[in-house]
Trainee: 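Dumping the structure here so I can ask a few things about it.
Since we're looking at a predicted model, the values are computed, not measured.
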Amino acid sequence: MAYDADVIVIGAGLAGLAATAELVDADRTVILLDQEPEQSMGGQAFWSFGGLFFVNSPEQRRLRIKDSHALALQDWMGTAAFDRPEDAWPRKWAEAYVDFAAGEKRAWLYRQGVRFFPVVGWAERGGYDARGHGNSVPRFHITWGTGPGLVEPFERRVRAGAARGLVQLKFRHRVTGLSRSAGAVDTVTGEILEPSGIRRGQASSRTVTGSFELRAQAVIVTSGGIGGNHDLVRANWPERLGSPPERMVSGVPAHVDGRMLGIAEEAGAHLINRDRMWHYTEGIQNWNPIWDNHGIRILPGPSSLWLDARGKRLPVPLFPGFDTLGTLEHIMKTGYDHTWFVLDQKIIGKEFALSGSEQNPDLTGKSVKDVIGRARADVPGPVKAFMDNGVDFVVEKDLGSLVRGMNALTKEPLVDEAELRREIVARDREIANPFTKDLQVMAIRGARNYLGDRLIRTAAPHRILDPKAGPLIAVRLNILTRKTLGGLETDLSSRVLTEGGEPLEGVYAAGEAAGFGGGGVHGYRSLEGTFLGGCLFSGRTAGRAAAKAVG
């Protein structure tokens, strides 16, 4: 029986593009399938901020950041906290990925034309001991051009392969089954959906117009995770994070539904670490949504006062930007789904960035002029648009009006003005001299010791109730679904494994579908900047391994 191609790749996101590009370089023929229209090529990476995790990069060294492979591995292992028998392959993937991030990753991307913003961000700062969760140093490198700038070279390589006759691009092809015609899994079946002219990210039609059956010597699954399927998110929600939220906003479109994970499992793949997931706690409803229930994440500096639903400060070290899942666990045990940032215009103007390529037109458009304009603005344009139009924002001149506005956004008035005033006044007193017992104030001052934070990410310490810093701002924060940290178990060649630990012959996986490698390279938590890089590393590995296998 004849093959339709050497390899079939399922999913045209960043991992699928990286795998396909490597197969093209090896002169292998590829069929690239995706259920969405062609205008959605690049998947979720297109919408991303373009953050990448590098170790001891030129950007770090220019900013006097002393990083090393040993320090990065210490941070990764302390963050991942691997503790299960099925963590054997994820641990090996973690070691390999840190090697990659400290080695050829940046040079490999640079050769393809990818460039980076000179200021390195400091995400997931941890706040625990040296062996615990968090980045010891800034490592979050923003791609010049954000997500689209990172997708572009891989899409270009794939389209060059199509022009050479090596790649068939088959969009609106939804996979429903994997099967064997001989010993290995070599047959992909599914439904052809009607053409759709919707904009990228919008919900496309699910009307079926036909069916397909395709065969290849190898299949690479790069179909993404479950973040758009809230029912599946709740079904997999771990007990350690408390009760699942009744209400969440979506950081990904609804078609990121996890269907392909179940299909691979039915074919014999081993799906591990289902309960490990990554959801943000600083989600806001997009005032100009692209997909249904579209949420945007605030990338905060360290100065906002973070309060629970009743107006009580979150415990140490749950400050903005320090421990995403630690904060999520605390929130879900309060009995409420939302929290608050309370801050002022001086803080929001300096410290708020919004995740997403469309929320950063200066960086996405590679405009130095606009980047400088953003730095000089009292409040960046995209942030100001949320202040003016966002349903989660309250902007007032005095605290009493602010609290009334906060309580108007909830089913019942939960925040007491007098108690909140005492909290803020107490915090403001700590600003009066260089000595303090408030660990968040210490963290703010510590952040400003880093040049990058002092320049663009951390406001000078000041009293929140100082009228000169106003107006006052409150932001209601929602749980924002995003990433699946578990996935299909794979060995270091990206071969999918069965429950017995043997390779599922003919099947590979990469990207979020593989837990970004091994079935859970991040363990319980992420160091940030590691999702896109995980797609690239695992996709590259899968493409190279499959090319060798079918050669």
Trainee: Taking all heavy atoms of A72 and all of V98, pick out the closest pair and write down the distance.
Mentor: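 Distance-wise, the nearest heavy atoms are CB-CG1, 4.1 Å.
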Trainee: Going by ring-ring contact (aromatic ring centres under 6.0 Å, His included), name the residues that satisfy it together with Y97, two or more places apart in sequence or in a different chain.
Mentor: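 Testing Y97 for ring-ring contact (aromatic ring centres under 6.0 Å, His included), a comparison that skips the adjacent residues, returns W76, F537.
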Trainee: With a 4.0 Å cut-off on N to O distance, would you call R259 and E191 a salt bridge?
Mentor: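 Result for this pair is no, no salt bridge flagged.
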Trainee: Taking the side chain as C-beta and beyond, is there a heavy-atom pair between L71 and R139 under 4.5 Å?
Mentor: yes
Trainee: Got a donor-acceptor contact below 3.5 angstrom from the W47 side chain to the S355 backbone?
Mentor: no
Trainee: Taking atom OG1 of T281 and atom CG of L328, what is their separation to the nearest 0.5 Å?
Mentor: 7.0 Å
Trainee: Quick one about E194 and T209 (side-chain donor to acceptor, distance below 3.5 Å, no hydrogens or angles considered), yes or no?
Mentor: no
Trainee: Less than 4.5 Å apart, any side-chain heavy atom of I220 and any of L23?
Mentor: yes
Trainee: Which heavy atom in L325 sits nearest to a heavy atom in M277, and how many Å separate them?
Mentor: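 Residues L325 and M277, closest heavy atoms: CD1-O, 3.5 Å.
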Trainee: Is it the case that the side chain of R215 and the backbone of A2 share a donor-acceptor pair, with hydrogens and angles ignored and the cut-off at 3.5 Å?
Mentor: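 It does hold such a pair.
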Trainee: Just wondering, more than 12 heavy atoms not from R131 lying within 6.0 Å of its CZ?
Mentor: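 Not more than 12 within 6.0 Å, no.
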Trainee: Shortest non-hydrogen contact from S40 to G201?
Mentor: OG-N, 4.0 Å
Trainee: Considering the options R297, K483, R125, which one meets the salt bridge (Lys or Arg N to Asp or Glu O under 4.0 Å) requirement together with E528?
Mentor: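 Going through the options one by one, the only one that passes is R297.
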Trainee: Between S48 and A45 (side chain of the first, backbone of the second, donor and acceptor by atom type, cut-off under 3.5 Å), is there such a pair?
Mentor: yes
Trainee: Is the count of non-hydrogen atoms from other residues, nucleotides or ligands lying under 6.0 Å from D25 atom CG greater than 12?
Mentor: yes
Trainee: Identify whether the distance between the nearest side-chain nitrogen and carboxylate oxygen of D87 and R91 falls below 4.0 Å.
Mentor: no
Trainee: Under 4.0 Å between a side-chain nitrogen and a carboxylate oxygen: does that hold for E86 and R274?
Mentor: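 Salt bridge absent between E86 and R274.
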Trainee: Between CG of L271 and CG of N236, what distance do you get to the nearest 0.5 Å?
Mentor: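 Going from the CG atom of L271 to the CG atom of N236 covers 8.0 Å.
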Trainee: Nearest 0.5 Å, what's the OH-OG1 distance between Y3 and T187?
Mentor: 8.5 Å
Trainee: Grab the two heavy atoms, one from L63 and one from V120, that are nearest each other, plus how far apart they are.
Mentor: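 Scanning both residues, the minimum pair turns out to be CD1-N, 3.6 Å.
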Trainee: Strictly distance-based, threshold 3.5 Å: is any side-chain N or O of D186 a donor or acceptor partner for the main-chain N or O of S181?
Mentor: yes
Trainee: Looking at Y110, is R115 sitting on its ring face, NZ or CZ under 6.0 Å from the six-membered ring centre and within 45 degrees of the normal?
Mentor: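 The answer is yes, since R115 meets both limits relative to Y110.
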Trainee: Donor-acceptor check, side chain of T222 to backbone of G11, threshold 3.5 angstrom: yes or no?
Mentor: yes
Trainee: Quick check for you: to the nearest 0.5 Å, what is the distance between F140 atom CZ and F54 atom CZ?
Mentor: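 The CZ atom of F140 sits 11.0 Å away from the CZ atom of F54.
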Trainee: Would you sort out whether T324 and E124 count as a side-chain hydrogen bond (donor to acceptor under 3.5 Å, both in side chains), showing the intermediate values?
Mentor: CA-CA 7 Å; T324 293; E124 288 297 300; 2.5 Å; yes
Trainee: With side chains defined as the heavy atoms from C-beta onward, is the minimum distance between P37 and R172 less than 4.5 Å?
Mentor: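 When only atoms from C-beta onward are counted, R172 and P37 do touch, with a gap below 4.5 Å.
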Trainee: With the side chain counted from C-beta on, respond yes when N56 and R61 share a heavy-atom pair under 4.5 Å apart, and no when they do not.
Mentor: yes
Trainee: What orientation do F531 and F516 show, parallel under 30°, tilted 30 to 60°, or perpendicular over 60°?
Mentor: tilted
Trainee: Which atom pair, heavy atoms only, marks the closest approach of G251 to L480?
Mentor: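 For G251 and L480, the tightest heavy-atom pair comes out as N-CD1, 3.4 Å.
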Trainee: List the steps and the verdict of side-chain hydrogen bond (donor to acceptor under 3.5 Å, both in side chains) for S367 and D362.
Mentor: CA-CA 5 Å; S367 171; D362 51 345; over 6 Å; no
Trainee: Please tell me if the side chains of P148 and T364 come closer than 4.5 Å, counting only heavy atoms from C-beta onward.
Mentor: yes
Trainee: Tell me whether E59 is salt-bridged to R62, with the criterion being a basic N under 4.0 Å from an acidic carboxylate O.
Mentor: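 Counted as a salt bridge, because a side-chain N and a carboxylate O are separated by less than 4.0 Å.
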Trainee: Using the side-chain contact (heavy atoms from CB on, under 4.5 Å) rule, take R457 and W122 through it: C-alpha gap first, then chi angles, then the decisive distance, then the call.
Mentor: CA-CA 9 Å; R457 290 293 287 148; W122 195 356; over 6 Å; no
Trainee: Do any N or O atoms from the side chain of Q39 and from the backbone of I198 form a donor-acceptor pair under 3.5 angstrom?
Mentor: yes
Trainee: Go through the steps to decide whether V221 and V496 satisfy the test side-chain contact (heavy atoms from CB on, under 4.5 Å), and finish with yes or no.
Mentor: CA-CA 9 Å; V221 178; V496 172; 5.8 Å; no
Trainee: Keeping the roles fixed (side chain from Q35, backbone from H255), state whether a donor-acceptor pair exists under 3.5 Å.
Mentor: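 Pair found, side chain donor or acceptor close to backbone of H255.
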Trainee: Quick check: do L166 and R28 have side-chain heavy atoms less than 4.5 Å from each other?
Mentor: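 Heavy-atom side-chain distance check fails, nothing below 4.5 Å.
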Trainee: Distance only, no hydrogens: is a donor on one side chain within 3.5 Å (strictly under) of an acceptor on the other, for H133 and T79?
Mentor: yes
Trainee: Can you see whether W108 has K105 sitting over its ring - NZ or CZ less than 6.0 Å from the centre and within 45° of the normal?
Mentor: no
Trainee: Which heavy atom in S196 sits nearest to a heavy atom in S204, and how many Å separate them?
Mentor: OG-CB, 3.8 Å
Trainee: In sequence, state the C-alpha distance, the side-chain angles, and the governing distance for L536 and F154, and then conclude on side-chain contact (heavy atoms from CB on, under 4.5 Å).
Mentor: CA-CA 10 Å; L536 293 172; F154 297 94; 3.5 Å; yes
Trainee: Please determine if R200 forms a cation-pi arrangement with F46, meaning its NZ or CZ atom is less than 6.0 Å from the six-membered ring centre and no more than 45° off the ring axis.
Mentor: yes
Trainee: Step through the shown structure and confirm whether more than 12 heavy atoms of other residues, nucleotides or ligands are within 6.0 Å of CD on Q112.
Mentor: yes
Trainee: side-chain contact (heavy atoms from CB on, under 4.5 Å), that's the test. Do Q44 and R482 meet it? Break it down for me.
Mentor: CA-CA 10 Å; Q44 303 323 300; R482 188 59 66 86; over 6 Å; no
Trainee: Can you tell me how far apart CD (Q168) and OG1 (T29) are? Round to the nearest 0.5 Å.
Mentor: 8.0 Å
Trainee: Under a 4.5 Å cut-off applied to non-hydrogen side-chain atoms, are K170 and F212 in contact?
Mentor: no
Trainee: Apply side-chain hydrogen bond (donor to acceptor under 3.5 Å, both in side chains) to S538 and R540, showing your working.
Mentor: CA-CA 5 Å; S538 61; R540 188 181 83 154; over 6 Å; no
Trainee: May I ask you to decide if M248's main-chain N or O and N478's side chain share a donor-acceptor pair within less than 3.5 Å?
Mentor: no
Trainee: Is there a donor-acceptor pair closer than 3.5 Å between any side-chain N or O of N360 and the backbone N or O of L354?
Mentor: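 Indeed, once roles are kept as given, a pair shorter than 3.5 Å links the two residues.
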Trainee: What distance do E499 atom CD and I272 atom CD1 have between them, rounded to the nearest 0.5 Å?
Mentor: 11.0 Å
Trainee: Is there a side-chain contact between Q359 and F49 (heavy atoms, below 4.5 Å)?
Mentor: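 Sidechains of F49 and Q359: no contact.
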Trainee: Counting only N and O atoms by type, is there a donor-acceptor contact under 3.5 Å from the side chain of D34 to the main-chain atoms of A12?
Mentor: yes
